[in-house]
Amino acid sequence: MSHDTLTPAEDLRVPSQGGEHKAMTLNVGPSHPTTHGIVRLLMQVEGEEIIDCDLEIGYLHRGFEKMCENHPWNQCVVYVDRLNYVSPIINDVGYHGAVERLLGVEVPERGQWVRMLVSELMRVCDHQTCLGATCMELGAMTAFLYLIKGREILWEILERLCGARVTTSYSRIGGLTDDLYPDFEAQVRQAIADCRDINAQVDKLMTGNRIFIDRTKGIGILDRATSISYGFTGPMARAAGIQVDVRHTTPYLVYDKVDFEIPQCSNGDCYDRYLVRFFEMEQSLRIIEQCFEKMPKSGPVSVEDYTITPPPKERVYSRIEELMAHFKHYMWGHMIAPPAGSVYHAVEGGNGELGFYLVSTGEERPWKVRCRPPCFGITQAMRDMVVGHTLADVVPIFGSINMIGGELDR
Amino acid sequence: MKKAVRGHAPDADALKERDQDLLQLLQSLLGDEIQSHRHGMDMLELVIRPESASSVSRLLRDSEGLEFDYLMDQTAVDWLGRREIRFEVVYHFYSTKHNRYLRCLAPVPESRPEVSSLYELYKAADWYEREIHEMYGIRFAGHHDMRKLLMYDGFKGYPLRKDYSMKGRQPLIGPGSRQES
Amino acid sequence: MEVSQGMVEPFVTTKLDKIIGWGRKYSIFSYPFVTACCGMEYMSAACSRYDMDRFGAGLPRFSPRQSDVLLVVGTINQKMAPVLRQVYDQMCEPRWVVAFGACTVSGGPYNNYAVVQGIDQVVPVDIYIPGCPPHPETVLDGLIKLQAKIQHQKHEV
């Protein structure tokens with residue numbers, strides 16, 4: 001479809017072509033089936049070959065920072081959730097980890113284990129969605145349906161845990177909204193078994209599939225140095241042979257108490273990215289299993305200081321002190337106000353290092369909430385990845401970068 | 001009601017200790033470029049001059065013992081009404097070899113909002129700087145392309161400045177907008 | 001509709017409007033204009049667990065000219081609004097628009113400089129599905145309500 005209201009093609013940075021070349025400008029997006037996410041690709045193509053590509057983003061810019069600056073610290077969770085909507089709890093954990101660092105508060109041990117457990121559940125969801133969508137775009141509808149079935153199993157657990165399937169708001173400043181429900185462990189263990197089944201099926205369908213290998217192997221290669229220059233983290237970096245993982249380099253929560261491996265590949269093509277994500281799911285499931293063995297079976301999940309976490313409702317309705325504490329959480333003039341300062345706290349998101357840079361002036365509103373979106377640099381590198389390839393290769397490349405509009409455009 | 005223990009993160013002192021040698025190295029390499037430094041609760045902070053941002057980063061990236069190969073994040077803060085120098089561009093560097101972070105702050109006055117660009121050094125800086133430009137109106141000297149990134153062409157003003165109202169919606173553009181119908 | 005028996009061949013009497021509406025409501029070809037978080041729930045609603053195909057809306061068409069229901073799934077900001085309008089203008093009559101999720105209904109939690117406060121400022125909307133994001137069952141409920149609307153409206157031939 002044509003967009004004559006948008007930037008005309010002449011404005012683009014494209015090398016001027018001699019009279020003999022017949023370069024054509026091709027516009028893909030912003031609403032296009034191959035772009036699961038909204039991004040506009042303006043490509044110069046010569047026949048099937050892409051000679052230049054420019055990206056336009058911002059179609060999902062929702063003013064995340066402005067919203068956070070105008071809300072109290074504990075209400076930003078709503079906006080933080082919607083950054084990476086495929087793995088919202090990891091965002092929550094990252095943001096709240098940063099706020100707790102500003103406050104100088106440490107979450108009780110069980111709370112940390114639960115946070116880690118649900119983060120890993122979300123990582124499985126994230127990779128399932130990413131791989132599923134990539135497979136579907138390459139024509140493997142069955143793998144997509146299987147993987148979404150797996151995600152549905154995990155979302156059912158989330159729904160019981162915190163009442164929402166996508167936008168969870170599960171973690172809070174100083175802990176979690178609630179403890180795990182009674183038969184959580186049994187249900188998750190069943191889900192792990194189911195996910196392993198599904199992964200095995202998808203593995204059989206895809207990993208050795210000739211068509212899939214032909215379309216992904218050697219496609220979208222980006223070497224180590226360029227990847228670092230673009231700031232690649234997460235599965236994309238690990239597929240290019242860079243050993244970065246926040247869970248290992250600067251362990252947060254209790255990642256130093258569990259045993260897990262970090263899958264590494266070296267080619268940096270779409271197939272390696274698929275493999276890294278695939279093996280990461282298994283590692284995440286391993287972490288979850290270890291959580292059940294190692295985590296404290298009981299104990300508080302939140303800080304029991306009512307100036308930091310809201311008191312439980314049954315106490316609010318029966319005791320005056322807790323009632324006052326409750327009101328203080330939600331009334332301007334009495335809310336949480338971390339001491340002035342700034343902090344950068346990073347967690348390993350589904351796409352890589354998800355950092356939060358918070359600036360506090362000692363007021364009830366954050367002065368600045370900056371999110372370092374992992375797929376920002378990766379999407380930026382799209383140009384380097386597609387140039388020289390054919391048009392059909394855009395689909396696996398775009399699938400492998402796992403662009404999430406919410407965190408890219410914020 | 002129990003009182004939670006408040007204070008610095010338990011690893012703050014250890015971090016300060018660990019960063020001592022980094023600070024010494026930086027002081028010997030950068031000298032006067034460092035206007036001041038501070039041990040933050042998470043990492044070492046340097047204050048640098050905006051015009052020397054790119055030369056400092058070059059040293060940070062290439063000097064032996066530093067090797068900050070990642071530009072993890074780049075953003076800006078608007079200190080309207082709080083500080084004399086209104087803007088501040090914030091860089092977060094990360095070194096994979098030494099596994100440590102470094103934060104650099106470059107205060108930028110409103111009268112001359114210009115910083116030297118890191119585009120030549122880190123490819124990641126391209127979009128970061130375009131974003132800061134459209135959100136805060138800070139120019140980057142040496143950047144090849146300062147088009148808008150997240151907002152659209154007809155948008156006026158810099159939305160993340162503190163004096164831009166949160167609900168400052170501008171008229172819709174293109175077909176279907178009210179001016180047209 | 002009535003099925004008359006007792007003749008040589010059974011036949012059906014109905015109004016033209018009713019039979020066209022009946023045909024159209026079970027052959028919805030949707031254009032999923034997916035932008036944000038709601039897309040995740042759209043995926044769930046369209047996949048095997050909730051399966052929109054049971055209601056005759058299983059096949060998404062990614063060309064506006066082939067589709068008759070525009071599903072606007074996710075936040076529409078000021079930059080995206082002209083694109084949405086253009087996609088709508090490219091669709092053939094009869095066409096319907098579904099606002100999927102709080103952001104498309106009213107701007108949702110984003111009352112700020114960037115986000116359009118409800119897509120009805122840009123295109124006319126037939127069904128609003130609330131929720132942030134709506135549960136797939138809510139989506140199916142919205143779809144059934146859209147079908148009822150299609151059934152009972154006047155169809156130009």
message = Is it the case that atom CZ in C:Arg65 sees more than 12 heavy atoms from other parts of the structure closer than 6.0 Å?
response = no
request  = To the nearest 0.5 Å, tell me how far A:Asp409 CG sits from C:Lys79 NZ.
outcome  = 7.5 Å
request  = Between chain A and each of C:Cys37, C:Cys132, C:Ala114, count heavy-atom pairs under 4.5 Å; write down the option with the most.
outcome  = C:Cys37
message = I'd like to verify something: which residue of A:Arg165, A:Glu159, A:Arg82, A:Lys66 has the highest number of heavy-atom pairs under 4.5 Å with chain C?
response = A:Arg165
key: Residue pair C:Ser48 / A:Glu152, side-chain heavy-atom distance below 4.5 Å   = no
inquiry  = Are C:Pro133 and A:Thr167 packed together at the side-chain level, in the sense that at least one heavy-atom pair is separated by less than 4.5 angstrom?
reply    = yes
Mutual orientation of the aromatic rings belonging to C:Tyr113 and A:His61 [parallel < 30°, tilted 30-60°, perpendicular > 60°] = tilted
request  = Pick one of side chain, backbone, both or neither for A:Glu156, based on which atoms fall under 4.5 Å of a heavy atom in chain C.
outcome  = side chain
ask   = Hey, which of A:Ile148, A:Ile404, A:Val78 has the most heavy atom pairs under 4.5 Å with chain C?
value = A:Ile148
remark   = Counting heavy-atom pairs under 4.5 Å with chain A, the top scorer among C:Leu84, C:Ile76, C:Asn112 is C:Asn112
request  = Determine the option with the most heavy-atom pairs under 4.5 angstrom with chain A, choosing from C:Pro32, C:Ser44, C:Gly107.
outcome  = C:Ser44
key: Side chains of A:Met67 and C:Pro109 in contact at under 4.5 Å (non-hydrogen atoms)   = no
key: Segment of A:Leu60 engaging chain C (4.5 angstrom heavy-atom cut-off)   = both
Side chain proximity check, A:Met136 to C:Met43, heavy atoms < 4.5 angstrom = no
task = For chain C, find its close neighbours in residues 84-92 of chain A: heavy-atom separation under 4.5 Å, sorted by number, or none.
result = A:Tyr85, A:Val86
ask   = Quick one: side-chain contact (heavy atoms from CB on, under 4.5 Å) partners of A:Arg365, sequence neighbours excluded?
value = A:Asn70, A:Trp332
Heavy-atom side-chain proximity of A:Ile153 to C:Arg49 below 4.5 angstrom = yes
key: 4.5 Å side-chain heavy-atom contact, C:Cys47 and A:Arg151   = no
query = Looking only at atom types and distance, does a side-chain atom of C:Asn77 sit under 3.5 Å from a main-chain N or O of A:Gly58, one as donor and one as acceptor?
reply = yes
